[in-house]
Amino acid sequence: MTYNYQAPGTKTFVPELWDALLLCAFDPLLVWASPIVSNNKYEGEIRQKGDVVHINSLARPTVGDYKLPDGMTAQRPETVAQSLPITEAKYLQILIEDSERVQLGAENLDSPINQQMIRALAREADAFMGDTIAKGATALPTVKATAQSAPQALYSAILDMMLALDDNDVPAGRYVVVSPRVKRYLIEHPAVANAAAYGEGGVTANGVVAKLAGFTILTTTAMPTGVDIVAGHKDFATYASQFTGFREGQSEKYRADYVDTLHLYGGKIVRYPGMDTKKADSTFDESKPTKGIVKASVEWALAA
């Protein structure tokens, strides 16, 4: 098929190709919205800002004692409703002189302008998801760190987070996201510096630093304000995202073509019966923090 913006003899600008390549370049840039930290079980079909993805949680049934002559008593399944609203709609539009020439020179979206576009979209989505997760996390005591104590204090803080998650039966496959400053001192601790994943090829994808004590440790500059460490499991935060596809056309204001894309997404803390408070209307009390994600700030007392 020839699009109205393509030269009949070349037909080289194919939006569908760029859509696939965008996702390949976009996903490794994510930390908070990565599949390590947030699940995408409930994406559904997203068409526009304001769409709502519905989530039903099944309440845990009661286990009974079997004895005669009482037999067994059947229970009806009970669900608790949650909604994931698609609140964000971000776009980028770039003016170019010749869309076909640009794509011919950057079939893998590796040109500087395309890479900057992808980074900008990823940064917006990741910062949004980081704020969502941090706002819903349970706060732990502030970590006090000096130049001498920082490695051990930060390592101990992560072990305290492990205990807090253990106490609430949070499953294996956990993560810890730390700020770059925390990472700088944390990797001085032998347990982290010698962690099996540290230094392996590919560990920098999605900001992964190391794997330790049942955690995948990640780092990002997109830390929420006032938060230095967040630990949890991806089942307790969900992220729904969809790109509406690239478009190309002729600018009405300038003697140039444009290429643009629209990114629709939303995120929320996922609640579970038995861990979160159920209200009378069969929804959860979302004003309370989740027990499946914890956070801490660091009070730095480092020598100048």
Side-chain angles (χ1 to χ4, degrees), residues 27-41 126-127 129-145 149-224 226-239 267 269-270 272 275 289-298 300:
D27 289 348
L29 299 174
L30 302 174
V31 174
W32 296 109
S34 75
I36 301 172
V37 177
S38 301
N39 73 74
N40 56 2
K41 299 177 182 178
D126 225 32
M129 200 61 207
D131 287 342
T132 299
I133 291 172
K135 287 176 182 176
T138 297
L140 297 185
T142 299
V143 181
K144 299 183 184 299
S149 70
Q152 182 60 49
L154 297 170
Y155 179 68
S156 295
I158 290 176
L159 296 184
D160 288 342
M161 290 180 164
M162 177 184 69
L163 178 60
L165 298 177
D166 285 346
D167 286 343
N168 287 292
D169 294 324
V170 174
R174 302 168 183 174
Y175 66 83
V176 174
V177 181
V178 301
S179 69
R181 195 176 193 184
V182 169
K183 180 187 75 170
R184 179 257 178 271
Y185 289 96
L186 186 61
I187 60 177
E188 287 188 3
H189 194 284
V192 179
N194 298 326
Y198 187 67
E200 286 184 2
V203 298
T204 56
N206 299 114
V208 173
V209 176
K211 294 184 179 179
L212 177 73
F215 290 111
T216 296
I217 304 176
L218 309 93
T219 187
T220 178
T221 57
M223 293 297 293
V227 177
D228 294 284
I229 311 174
V230 177
H233 190 282
K234 67 178 182 179
D235 282 354
F236 293 86
T238 190
Y239 169 70
I269 298 297
V270 181
Y272 291 94
M275 292 185 70
T290 177
K291 299 175 183 177
I293 305 173
V294 293
K295 64 182 177 181
S297 60
V298 177
W300 301 97

Non-neighbouring partners of His233 that pass ring pair (Phe, Tyr, Trp, His ring centres under 6.0 Å), sequence neighbours left out
none

Got Val298 and Tyr185 here, is their nearest side-chain heavy-atom distance under 4.5 Å?
no

When the side chains of residues 168-175 are checked against the rest of the protein, which donor-acceptor pairs come out under 3.5 Å, sequence neighbours left out?
unit_1	atom_1	unit_2	atom_2	d
Asn168	ND2	Ala164	O	3.1
Arg174	NE	Val170	O	3.4
Arg174	NE	Pro171	O	3.3
Arg174	NH1	Met162	O	3.4
Arg174	NH1	Asp166	OD1	2.9
Arg174	NH2	Asp166	OD1	2.7
Arg174	NH2	Val170	O	2.7

Atom pair NZ (Lys211) and CG (Leu218), whose distance is rounded to the nearest 0.5 Å:
9.5 Å

Using 30° and 60° as the class boundaries, would you call the ring planes of Tyr272 and Phe236 parallel, tilted or perpendicular?
perpendicular

State whether the side chain of Asp126 and the backbone N or O of Val31 hold a donor-acceptor pair below 3.5 Å, judged by distance alone.
yes

CD1-CG distance between Ile229 and Leu186, expressed to the nearest 0.5 angstrom
7.5 Å

Sequence neighbours excluded and cut-off under 3.5 Å, please list the side-chain donor-acceptor pairs for residues 133-144, or say none.
unit_1	atom_1	unit_2	atom_2	d
Thr138	OG1	Thr290	O	2.6
Thr142	OG1	Ser297	OG	3.4
Lys144	NZ	Glu299	OE1	3.1

To the closest 0.5 Å, what do you measure between CE (Met161) and CG (Leu165)?
8.5 Å

Find the distance between CG (Leu212) and OH (Tyr155) and round it off to the nearest 0.5 Å.
5.0 Å

Mind checking whether Thr221 and Pro180 have side chains closer than 4.5 Å, heavy atoms only?
yes

Are Lys234 and Val37 side-chain neighbours, meaning at least one heavy-atom pair lies under 4.5 Å?
no

Side chains of Val182 and Trp300: does their closest heavy-atom pair fall under 4.5 Å?
yes

